[in-house]
Number of protein chains: 2
Amino acid sequence: MSRPSTVERILDSAEILFAEHGFAETSLRAITSDAKVNLAAVNYHFGSKKELIQAVFGRFLDPFMAGLDQSLEDLLNNNKKMGVEEVLELLVNHILTSKPRQPNDIAIFMKLMGLAYTQNQGHLKRFLTESYGATLDRYFEMLYGSCPGLPVSDMFWRSYFILGSAIFSMSGSEALLAIAKRDHGIDDDIEAIMRRMIPFMAAGLRAHATYDEDPS
Amino acid sequence: MSRPSTVERILDSAEILFAEHGFAETSLRAITSDAKVNLAAVNYHFGSKKELIQAVFGRFLDPFMAGLDQSLEDLLNNNKKMGVEEVLELLVNHILTSKPRQPNDIAIFMKLMGLAYTQNQGHLKRFLTESYGATLDRYFEMLYGSCPGLPVSDMFWRSYFILGSAIFSMSGSEALLAIAKRDHGIDDDIEAIMRRMIPFMAAGLRAHATYDEDPS
DNA sequence: AGGTGTTTCAAACCTACGTTTGAAAATCAT
DNA sequence: ATGATTTTCAAACGTAGGTTTGAAACACCT
């Protein structure tokens, strides 16, 4: 087994360190030192720190989103009506079956997704919406279709409510799993959290409309 | 009306700039320049940037949490059984009636709360749990009490699901409200978002347990 | 008014960071 | 093998940031 290329070594280290400490708080020196490559290698191979951040996301999301897009395509062709739980489960299963390079890859990447939403990195949000926005829109369209009779206004906000639940609990999963174990003897893993999210989200989406609007 | 004290001017500027750009991305120079005070004033009055961050939170949360604690105290004395919606509404109303110094104070502070959870500022999390953890625990205890029959494991995770929903949608409310208006003609404000959260969360909390555990 | 403690101020200090440079080393093609 | 290209490396550059300093300005008390 040969030593991974410099590019891969950098991406591997950056992925972990970014997830652990955030983007601004992780220096290129920390990354290159962890990756055991020269400091200048990042600028040589990626151009800048910003482009490195995007590359970290691209390496994971490119295959993931392509696969998700394919699944959505197939389902739309079959046009079988799907329930809320099924649509949610589709995504969960897709995440769980996406081949992780390392055992706790999922946790790391959930943390990164959380950071992408919460850290003020304009370039990253732009990169993500430009690259994967279309696929995400298709997914939420399908989710919307599984909630007949719900006003768009509520559907709009509830999309973000479930997004917030997912990102918050997933990206903090490491700490939360430890608390759950220590304080309540709950022996879950990250898959269990996702499974627990489904009934919660499905019920929330199915709740009566907030205001007695006429869903015209 | 006299010019506000240096300390207040710093807190006012820091509050807004932190909410807008995050902690690490906001320099003391930006804050002091916005507040029209000398650079050294922060270190003189607060000691360090970290302590300034904590002071920003303390100024808002001290009275807020004291009030919440009082409400919880009163309710526990009356020991009337409360439903999920009522417990959620208690918090929402408490937020809405907490006197804002400025019109969009709530939005700013929701953003700060989001940052507190997502930015990797260990000292801040420590400060918040030490200062207000007890009150928050009491609130979640009350919420737990309003969901009879739900296993602790689900209640534990669902607490974080609703926390995530709230923090995510509230802290991004500015941008999301604009999108809602532009793309769907939804004319909400931050209060409307909170009201919309209640049925969603209540239904999610009331959903059947994830696994068919025996709630012993 | 004079003395004391507090607050402001400009300047400097020092560290950490992203990026650049130019030469050395390694890789590859012919 | 040799020349060209790509990759690595140590060192330096420039900047921006948090913090410190010491003197000046101010406020308060008697």
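What's counted below: heavy atoms across the whole structure, side chains too, no hydrogens, waters or symmetry copies. Bear in mind the structure is a predicted one, so any value in this text is a computation, not a measurement.
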Check the distance between C/dA16's P and B/L28's CG and give it to me in whole angstrom. 17 Å
To the nearest Å, how far apart are A/N43 CG and D/dA12 C1'? 14 Å
Between D/dT7, D/dG18, C/dT8, which nucleotide has the shortest distance from any of its atoms to the side chain of B/Y44? C/dT8
Give a yes or no on this: more than 12 heavy atoms of other residues, nucleotides or ligands lie within 6.0 Å of atom OH of A/Y117. no
Within 6.0 Å of CD in B/E85, more than 12 heavy atoms from elsewhere: yes
Rounded interatomic separation in angstrom, taking NZ from A/K49 and C1' from D/dA16: 14 Å
Just to be sure I understand the rule, does B/T26 reach a base, reach only the sugar-phosphate, or reach nothing, if contact means heavy atoms closer than 4.0 Å? sugar-phosphate
Would B/D69 and B/Y132 count as having a side-chain donor-acceptor pair, cut-off 3.5 Å? no
Between C1' on D/dT8 and CZ on A/F46, what's the gap in Å once rounded to a whole number? 15 Å
So which heavy atom on A/V84 is nearest to which on A/S146, and how close? CG2-O, 3.3 Å
Looking at B/S48, does any N or O in its side chain come under 4.0 Å of the phosphate oxygens OP1/OP2 on D/dG18? no
Figure out the CG/C1' separation between B/N38 and D/dA24, and round it to whole Å. 12 Å
Starting the side chain at C-beta, find the nucleotide from D/dT21, D/dT19, C/dG18 nearest to B/A40. D/dT21
Once you round it to whole Å, what is the distance between P of D/dT19 and CD1 of B/I31? 11 Å
Given D/dT6, is OP1 or OP2 found less than 4.0 Å from the side-chain N or O atoms of A/H45? no
For the pair made of CZ in B/F23 and P in D/dG17, what is the distance, rounded to whole Å? 17 Å
Taking the six-membered ring where the residue is Trp, are the ring centres of B/F156 and B/Y160 under 6.0 Å apart? yes
From CD of A/E51 across to C1' of C/dT19 the rounded distance in Å is 13 Å
Picking from D/dA12, D/dG18, D/dC9, which would you name as closest to the side chain of B/R29? D/dG18
